[in-house]
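The block underneath contains the structure these notes are about, expressed in structure tokens.
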2 protein chains.
Amino acid sequence: MKNRNLYLDMKPVEEAKEIFLSALPLADLKKSEVIFSREATGRVTAEAVFAKFSSPMFNASAMDGIAVVSAHTYQASTTHPVVLRESVDFIPVDTGDPIHPPYDAVIMAEDTVETPEGIRIVDSIGPWENIRPVGEDIVAGEMILTGYHQIRPVDVGVLLSAGITEVSVLKKPSVAIFPTGTEIIEPTDQPVEGSILESNSRMFESMVNEQGGIGVRYPILKDDYNTIRDAVKEAVRRHDMVIVNAGSSAGREDFTVHVLRELGQVLVHGVAIKPGKPVILAIVEGKPVIGLPGYPVSAYVGFINFVSPVLSEMSEVPQANQPVINAIMTRRLISSLKHKEYVRVKVGEVGGRVVAAPLTRGAGAAMSLVRADGFCIIEQNSEGVEAGETVPVLLTGDPAAIPRTLVVIGSHDMMLDILADMMPVHYKNMHLSSTHVGSLGGLAALHRGETHLAPIHLLDESTGRYNIDFIKNNFKEPMALIKGVGRIQGIIVKRGNPLHVSSIEDLRGLRFVNRQRGAGTRMLLDFELKRRHIGPDEIQGYDFEATTHMAVAALVAGDGADAGLGILAAANAMNLDFVPVGQEEYDFALPAVYLDLPHVKAFIELLKSDEFRKKMETLGGYSFKSIGEVQLF
Amino acid sequence: MKNRNLYLDMKPVEEAKEIFLSALPLADLKKSEVIFSREATGRVTAEAVFAKFSSPMFNASAMDGIAVVSAHTYQASTTHPVVLRESVDFIPVDTGDPIHPPYDAVIMAEDTVETPEGIRIVDSIGPWENIRPVGEDIVAGEMILTGYHQIRPVDVGVLLSAGITEVSVLKKPSVAIFPTGTEIIEPTDQPVEGSILESNSRMFESMVNEQGGIGVRYPILKDDYNTIRDAVKEAVRRHDMVIVNAGSSAGREDFTVHVLRELGQVLVHGVAIKPGKPVILAIVEGKPVIGLPGYPVSAYVGFINFVSPVLSEMSEVPQANQPVINAIMTRRLISSLKHKEYVRVKVGEVGGRVVAAPLTRGAGAAMSLVRADGFCIIEQNSEGVEAGETVPVLLTGDPAAIPRTLVVIGSHDMMLDILADMMPVHYKNMHLSSTHVGSLGGLAALHRGETHLAPIHLLDESTGRYNIDFIKNNFKEPMALIKGVGRIQGIIVKRGNPLHVSSIEDLRGLRFVNRQRGAGTRMLLDFELKRRHIGPDEIQGYDFEATTHMAVAALVAGDGADAGLGILAAANAMNLDFVPVGQEEYDFALPAVYLDLPHVKAFIELLKSDEFRKKMETLGGYSFKSIGEVQLF
């Protein structure tokens, strides 16, 4: 238990950032280079750029037509047309042709009539009409771009028009990225138990590139003091910035902070942020060196709070201006005064309101970053957010997608993933977003106005019917049920069924994994236990909860449990055995008014499609008798 | 005058787009390729991606601490601590270590105390606490990304965590870009009179890349039917799309439409859009071929309306979601019912209102695209916009920059460019934006609340004073004047003064270029003419107007005029001669309340800085006696 750095110094986020930025020699970290203007889009000018040539470079015709001596046209009118003679009164010109004395105006082709004697006109023209004088657009010597300007395609056009074929831009900061950890392996290597596939460094590489730098990812370093020290020492010589990931925390093998204390100055170790606390901000040889935590969400939050602003100062590429929208928080969120918290949320527009539903707050849940639409940021001085409160949400995606997304919250089935995949392919710009909180959780979300659809599979013990009674008894407004699939539920066991499970009774004495409260599958288990007079305390693991069928199957496959209740498709996906218990009905509840929404109509069309059925049949365990039918209540 | 295609078929924009998109075989134009996941940021998935491995791949400790048998901790409390023995009751673990039976929970290091007998704990722990079960984040076999999803850095992280090292993505559409025109030369070539530097193709290249394609720019083609035909024919074989620029209009040498009629099908020739009318939309061998006009603004507007949507359909990279904001239009804009018009505007936040001021509407004004903050789009069925009307503006820049920008409208001086360049370097995130409408135009803009500052140099003929009287007599509110520079005004003539100009009298008989109405320089001319009893009709070119000192100098240098009135710095910049007429005061008028604005304070600091003075001194013709002083009225 030696060598733990138990005492992290927890600085507030803004203070930590300010300490670091003000200590860095930012001016010295900016270098420039000369590149071709034609390749300069996205780069940042190192200094102001002045035009070499004017544009146009000469007095030029602005039209296709004839260049004329304006004085020769003054008599022309509809009653007294004038006929102009070629090479005396006019010459034909195309747009862009130079105009010389005596010609001093251009009449457009549409306003002329050819006659055997010459061109007839019926209107006079003043001097300089339809002529672009030299320098009309750009004057040689004028400033066309300021310094520290990020070059856009239109700027490239203007640079070249002004004769500037090469431009001085800021060099992209080069950022060394070191993945560290003895247990970490390359994603291409064969994993053994205990292996963790290295992925953060590649996420960082992409984020560095987006922020105007060049990410250079080094091979994985073992957790060894000298190895890390030598690597960082060499990297600060070759690069403008160094990221070490992870080893920034207080574990027995977290050497990063010790290495950085030896090589340079550690300004901050530990920031009051969640997730992302174990951040190290250091300066070595005048270069920023940042230690980031290993959990993917912590790593991401640490990056956007500390690496992005420093890189933006060095590259002068503005930080991406993520839109902030107001949304109604659907559930109460309690947050500690000890830290600023980044809560991932799904955002949906339901019934005319923009609502934000929090996702898991676990630092290891990388998929929640993929699924999230944004972050609700709870400041350090706040104890949290009440349900129904309007909160600002920092969006990570396109705000325009929100009103075009069908929100689905409730019980999980793999068909939701298939439908989410098919939706944007078959219906341009439409999306389906699903969150898995169980059937009762879905009905509660419908009540709170968080979701368009709630997928449910709820057996009423008194009527023996699925779903209908739960809708009838729980809503006052007119409701609808879109019929989904019949699903076989059963006991998922290891390949070959080594413990010889054949019924619910056999669960006694096994290590079981349950589903979360409110899940239809858990209610089915409770129903089956009750009618067999088996108490929950007789099932070892009754309180050990997984939130999807696939998670149950994964636990059985990984020997986290001997058995769990779930669907055939999940057992098949993990190559496990399956003991059927019964068939249930998995349908979609919704307020009847939503049937008119374009994405609900699209959803029903997809359910009825041959393509969808074919994909479901390959999973196995489904029937499709009434699929896509709508019942009203 | 033969070979003109006078009759363009003017389709409304949306109709033209719809005709083209529905005729294109879009499904056939999508191809896929397999790339490394680590390099996939920005690419679009060709199909859904499923996890290969679970994450974590085993039951893993979520903490640094000790793995324990939870049953051995049940008795622990503050009054009855329990001592756990290593390798019997516990083993030390770090975050991420695998957990095996009999251990089934992890106690974090902070909650343990080392004693000679073992680890002492004062609280019990339940099974699975602080353990991340296999598949908690990602379950093998689950869908992690849908098809047609643009991959972000967080997605790269998840792909690698799930063991997906290669991913099938849509191929980037390859787009051939042909600059055409006999008068067009490479920007690296030496221009002669009549040359136009080719720049659109490089702007297109960048725009294609931004829209998820690969722009391939070919060398310039001469205006020759067979040359263009052979090039396009070969390009549709090698590429997914072809752009021909220009030759899309009705000039004598506009061959593009004839070539495309021979090779394929021309669906649209001419669109009701301004600027950008001469667009050609064609299909050759199942591939889109688009002809775009040559004027840079027309080319840009044609691209965003027709190339971007087609490319987005092919690449599935969403079109950049440019923000739209509401702004108050400062001037009346009349627009024809014949077309949809894109009016470039400057946008500023002045006195709490967001205002949009239209820039030049010329199709050749590439610099106006650089200077614009966005477009006010006037629909085809609208006759225009009234002054004071609130209009939606499609922003081309960062909306966050608007409130941080000092708006300067009025007389032009090169010092404004220098200050615009210095501002963001010395004051992070602050910008200066200037528009040149002359001194009286600037005062009018102040009246309308369009600008923070109005740079003016206005001589009151009765008092002989500059600027002060114009402010006192024209505003009711408390006003301020920030003193700027003394400037020498004079007659700009060709190098060596070949026409021997020595005074205002000598302007008679020369080709003069004037400044626009309301410009202080023009008022100075009028004053000087009047006291010499010279009538405006005695000056040839009195009505020929340029809007900046540099434009006047460029016209003299390019032999568009023999003389013009302007400042020494402009004459110096173009290597011209200069006949002094007098010294004037160039100052900045503003409402006194704006003196407290941070960007106004920054502006005054910059005026007073040594760096600014040094830059001005290299231009010549300025004095700095009272610079930065503030007078109140």
Side-chain angles (χ1 to χ4, degrees), chain A residues 1 38 41 48 54 58-59 64 94 96 98 114 128 132-135 137-139 141-143 146-148 153-158 160-161 165 183 187-188 193-194 196-197 199 202-203 206-207 251 296 321 364-367 369-370 398 400 417 420-421 424 544 550-551 554-555 558 560 573, chain B residues 1 38 41 48 54 58-59 64 94 96 98 114 128 132-135 137-139 141-143 146-148 153-158 160-161 165 183 187-188 193-194 196-197 199 202-203 206-207 251 296 321 364-367 369-370 398 400 417 420-421 424 544 550-551 554-555 558 560 573:
Chain A
M1 303 302 286
R38 61 170 191 261
T41 295
S54 294
F58 44 87
N59 301 316
D64 294 329
D94 285 324
E114 278 189 82
W128 292 95
R132 301 181 62 211
V134 57
D137 186 14
I138 301 167
V139 178
E142 81 168 311
M143 188 183 294
T146 63
Y148 293 179
V154 292
D155 301 321
V156 170
V158 163
L160 296 175
S161 300
T165 54
E183 71 288 2
T188 43
E193 205 212 38
I196 296 172
L197 301 182
S199 62
R202 300 303 185 176
M203 175 175 75
S206 297
M207 292 172 87
N321 185 51
M367 266 308 283
L369 278 179
V370 169
D398 178 4
D417 296 330
D421 180 43
F544 178 34
M550 285 294 274
L555 279 160
Chain B
M1 302 303 287
R38 62 171 190 260
T41 295
S54 294
F58 45 87
N59 301 315
D64 294 330
D94 285 324
E114 280 188 81
W128 292 94
R132 300 181 64 211
V134 56
D137 185 14
I138 301 167
V139 178
E142 81 168 310
M143 186 184 294
T146 63
Y148 292 1
V154 293
D155 300 321
V156 170
V158 163
L160 296 174
S161 300
T165 54
E183 70 289 1
T188 44
E193 204 211 39
I196 297 172
L197 301 182
S199 62
R202 301 302 185 177
M203 175 175 76
S206 297
M207 292 173 87
N321 186 51
M367 267 309 282
L369 278 179
V370 169
D398 178 3
D417 295 331
D421 181 43
F544 178 34
M550 286 294 273
L555 277 161

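Below, each value reflects all heavy atoms present in this structure, side chains not excepted, and no hydrogens, waters or symmetry copies. By convention in this document, chain letters (A, B, ...) are assigned in the order of the sequence lines, proteins followed by strands, and residues within each chain are numbered from 1.
In this structure, the separation between CD on A:Glu183 and CD1 on A:Ile196 is 4.5 Å, given to the nearest 0.5 Å. In this structure, the separation between OG1 on B:Thr41 and CG on B:Asp155 is 8.0 Å, given to the nearest 0.5 Å.
In terms of heavy-atom pairs under 4.5 Å with chain B, the best-connected choice from A:Gly135, A:Ala573, A:Ala366, A:Gly141 is A:Ala366. When each of B:Arg132, B:Met207, B:Glu142 is checked for heavy-atom pairs under 4.5 Å with chain A, B:Arg132 comes out on top. Highest contact tally toward chain A, considering only B:Gly558, B:Pro98, B:Ala400, B:Ala551, is held by B:Pro98 [criterion: heavy-atom pairs under 4.5 Å]. Between chain A and the residues B:Pro153, B:Ser161, B:Gly96, B:Ser206, the largest count of heavy-atom pairs under 4.5 Å involves B:Pro153.
Here the side chain of A:Arg202 pairs no donor or acceptor atom with the backbone of B:Leu160 at under 3.5 angstrom.
Contact annotation for A:Val370: both backbone and side-chain heavy atoms come within less than 4.5 Å of a heavy atom of chain B. Residue A:Thr188 touches chain B through both its backbone and its side chain, counting heavy-atom pairs closer than 4.5 Å. Of the atoms belonging to A:Asp398, it is side-chain heavy atoms, and not backbone ones, that fall under 4.5 Å from chain B.
Residues passing the side chain to side chain donor-acceptor pair (under 3.5 Å) test with A:Asp137, sequence neighbours excluded: none.
Within the 4.5 Å cutoff, side-chain heavy atoms of A:Ile138 are placed close to those of A:Val158. The shortest distance between side-chain heavy atoms of A:Asn59 and A:Pro133 falls below 4.5 Å.
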